[in-house]
Amino acid sequence: MIGNPLNRTSSIIEQSGRRKKLEISVKRRFYPDHNTGLLVPIDCEPQDARIYSGYKFEVVKHDLHLAFAPSSKRLPFLRITDPKSEGSWALWFMGFGDNITPSNPIAPMLVDKGNNFVRWRLDNNSSLKLDIMGHMIRKLIILDERPSWNVLKFRIARGGASLIDGMAVGQPERRLMAFRKGGKLGIDNPLFWFTEPNAYDSSGVLNPDYTKPKYTLTPIFTGVWELTIELDTDWLDSAKYPVHIDPTIVLQPDPTEGYDNYFADVSAGTNHGATIFLAFTYCRGSVVYNSAQTLIKFDLSSIPIGSTINTATLTFHRYGGYYQPTANNIPVYILRLLKDWKEGSGPHHTQTGESDETYYDKPSMWNNYCANGLNSDYIDDGDAPYIWTDIPSILELQLPKTIQGIISSGNNYGFKISTINADGYDTGTYATYYLPYSSDHSSVYERPSLTIDYTEASRGMPAKLGALAGKNILNPLATGTL
């Protein structure tokens with residue numbers, strides 16, 4: 001249900017007097033129309049090109065205009081345009097291994113498109129996929145088997161816009177950042193940036209093998225950069241295929257966006273802020289360190305302080321999971337967080353400004369491992385735990401007291417989902433896990449959502465009306481007194 005947008009992530013789906021019902025997503029679902037400025041739904045489905053000649057597909061109901069699948073390899077395979085300034089950026093795929101010619105980019109063969117993606121075949125064993133989302137463009141190179149090469153090159157250029165190395169504006173790590181021409185250049189206001197790439201294999205759902213490829217940015221001409229990704233050959237030899245290489249394009253965060261992440265002992269020290277799934281587990285033993293927990297935060301600024309939360313339902317769609325039938329009646333707790341954790345851009349080993357089971361904002365640490373410090377890392381507002389008896393395709397969790405705690409306290413650090421109880425221990429002995437899609441999943445309809453029914457606080461009666469209360473004057477306005 002879309003409803004009437006309140007901001008980029010929230011919409012009203014029902015209203016009666018002071019009572020309202022909202023649906024809130026973690027990341028943006030709406031954008032300001034480029035002509036009217038009114039908030040309208042983002043549409044990430046590639047359409048047949050009408051505005052961008054020379055291209056097969058385009059996405060224009062979006063913060064940025066995107067054009068894909070050029071008719072000639074002279075054109076970039078991806079063009080990004082800022083409708084406000086008309087500045088643009090272009091991305092060419094220059095090739096891989098020995099098949100790299102500086103002046104002659106390769107022309108990937110278009111395979112297909114879907115609701116939120118375009119996919120090309122690079123060679124017989126590899127493909128390139130662009131997942132289009134409101135807050136990012138996930139650029140995935142997928143290797144079906146061990147390639148004969150370990151180096152890929154892209155070329156990125158700008159026209160009527162700025163494209164600079166983020167370290168020049170105070171970014172602690174090297175990343176290519178795009179700005180409007182003549183706009184203020186700073187770490188907090190790029191239109192988008194290219195994240196440092198990650199690579200991960202298919203060795204396990206909760207615990208794939210990650211590596212951080214060597215990432216090199218080289219200025220070629222003014223406004224033109226070459227991005228080189230070099231994979232570790234030993235890792236390629238031992239990896240389980242298919243392998244995914246992910247140099248994602250991230251759009252400027254919106255202040256109404258939330259975030260989500262998970263941590264798991266099987267991948268300790270790893271941030272999962274950009275994976276397409278979350279995780280919470282009920283694991284063997286009664287030791288806290290054998291758990292996975294999900295952290296999630298929604299923007300709740302559209303709900304006035306003083307409101308009464310009537311109902312709050314968190315909805316997940318299943319990506320994967322496993323249920324151990326002998327582990328019946330597993331309680332799943334929702335616990336309000338007390339620290340301002342950072343989402344991060346993993347999968348990778350945790351970097352400064354990211355969260356995992358040790359850090360809420362590296363190098364700042366949780367009081368207890370896995371955010372398990374009662375009244376220091378989290379507080380239990382008393383929502384009844386969900387009793388877990390299977391792994392449903394759609395999972396709904398009730399959390400009105402947790403949301404009320406956030407609204408009443410005025411501090412929104414989100415909450416965690418855990419089989420760890422308030423005593424700090426896993427409550428059973430069998431392995432079961434649930435993997436819901438995260439906010440970085442390509443389909444907006446399968447990302448986490450929060451539906452809240454609340455009643456705004458009464459604004460109070462005017463002082464003169466209050467003074468007349470109890471004097472048997474049913475309608476003071478009709479007496480002439482007021």
Side-chain angles (χ1 to χ4, degrees), residues 44 46 49 51-60 62-83 86-96 99-111 113 116-122 126-133 135-142 151-166 174-181 190-198 213 215-229 245-252:
C44 294
I51 297 175
Y52 291 93
S53 59
Y55 286 85
K56 189 173 180 63
F57 304 121
E58 64 187 18
V59 168
V60 295
H62 195 279
D63 286 275
L64 300 172
H65 285 182
L66 311 170
F68 313 91
S71 58
S72 165
K73 68 179 182 179
R74 293 183 303 103
L75 297 171
F77 81 86
L78 170 63
R79 180 179 294 277
I80 303 173
T81 303
D82 171 33
E86 297 186 355
S88 65
W89 299 264
L91 180 69
W92 287 267
F93 182 56
M94 303 307 296
F96 43 79
N99 187 24
I100 298 174
T101 306
S103 60
N104 188 28
I106 69 171
M109 182 181 70
L110 181 68
V111 177
K113 74 177 183 72
N116 301 87
F117 70 86
V118 180
R119 179 163 43 211
W120 293 266
R121 175 61 63 182
L122 300 179
S126 60
S127 58
L128 171 65
K129 183 185 178 190
L130 295 177
D131 282 325
I132 306 134
M133 293 172 262
H135 64 292
M136 68 163 61
I137 305 167
R138 188 184 296 278
K139 183 159 56 76
L140 280 176
I141 297 101
I142 303 168
V151 175
L152 306 96
K153 285 187 184 290
F154 296 87
R155 187 161 292 185
I156 306 160
R158 49 85 172 166
S162 296
L163 187 65
I164 63 174
D165 180 354
R174 169 157 278 190
R175 61 176 55 162
L176 201 56
M177 307 179 86
F179 298 85
R180 291 190 175 104
K181 186 176 182 180
L191 285 176
F192 63 90
W193 63 89
F194 295 84
T195 63
E196 293 192 30
N198 300 290
Y215 172 82
T216 307
L217 282 174
T218 307
I220 305 300
F221 313 107
T222 301
V224 181
W225 293 78
E226 191 167 81
L227 188 159
T228 303
I229 298 173
I245 308 163
D246 182 2
T248 288
I249 301 168
V250 178
L251 278 61
Q252 181 180 16

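- Looking only at side-chain heavy atoms (C-beta outward), Trp225 and Phe194 stay at 4.5 Å or farther from each other.
- Taking CD1 from Ile249 and CG from Asp131, the interatomic distance works out to 11.5 Å, rounded to the nearest 0.5 Å.
- Between the Glu58 side chain and the Ile51 main chain, a donor and an acceptor come within less than 3.5 Å of each other.
- The backbone N or O of Thr195 sits nowhere less than 3.5 Å from a side-chain atom of Thr248 that would complete a donor-acceptor pair.
- Contact between Val59 and Cys44 at its shortest, heavy atoms only, is CG2-O, 3.8 Å.
- Side-chain rings of Phe192 and Trp89 approach one another, their centers coming within less than 6.0 Å.
- Between Phe93 and Phe77, the two ring planes are perpendicular [angle over 60°; tilted spans 30° to 60°].
- Judged by the 6.0 Å and 45° rule, Lys113 forms no cation-pi pair with Phe68.
- A heavy-atom distance below 4.5 Å is not found between the side chains of Asn116 and Met133.
- Between the CZ atom of Arg155 and the OG1 atom of Thr218 there is a distance of 10.0 Å, given to the nearest 0.5 Å.
- The side-chain heavy atoms of Gln252 and Asp63, taken from C-beta on, include no pair separated by under 4.5 Å.
- Atoms OG and CZ, on Ser88 and Arg158 in that order, are 10.0 Å from each other to the nearest 0.5 Å.
- Rounding to the nearest 0.5 Å places CZ of Arg138 at 5.0 Å from CG of Asp246.
- You'll find the side chain of Leu66 stays beyond 4.5 Å of the side chain of Pro46, heavy atoms only.
- Inter-residue side-chain proximity for Leu128 and Lys139 is flagged as met; some heavy-atom pair is nearer than 4.5 Å.
- In this structure the side chain of Leu130 reaches within 4.5 angstrom of the side chain of Trp120, judged on heavy atoms.
- Note: Leu217 CG to Phe154 CZ = 12.5 Å, rounded to the nearest 0.5 Å.
- Taking Phe117 as the reference, nothing meets the ring-ring contact (aromatic ring centres under 6.0 Å, His included) condition, with sequence neighbours excluded.
- Contact annotation: the side chain of Leu176 never approaches that of Leu227 to less than 4.5 Å [non-hydrogen atoms, C-beta and beyond].
- Note that the CG atom of Leu251 and the CD1 atom of Ile80 stand 7.5 Å from one another [nearest 0.5 Å].
- Partners of Lys181 by side-chain contact (heavy atoms from CB on, under 4.5 Å), not counting sequence neighbours: none found.
- Taking 4.5 Å as the limit, every side-chain heavy atom of Leu64 sits out of range of all side-chain heavy atoms of Thr81.
- In terms of heavy-atom proximity, Pro76 sits nearest to Ala90 at CG-CB, 3.4 Å.
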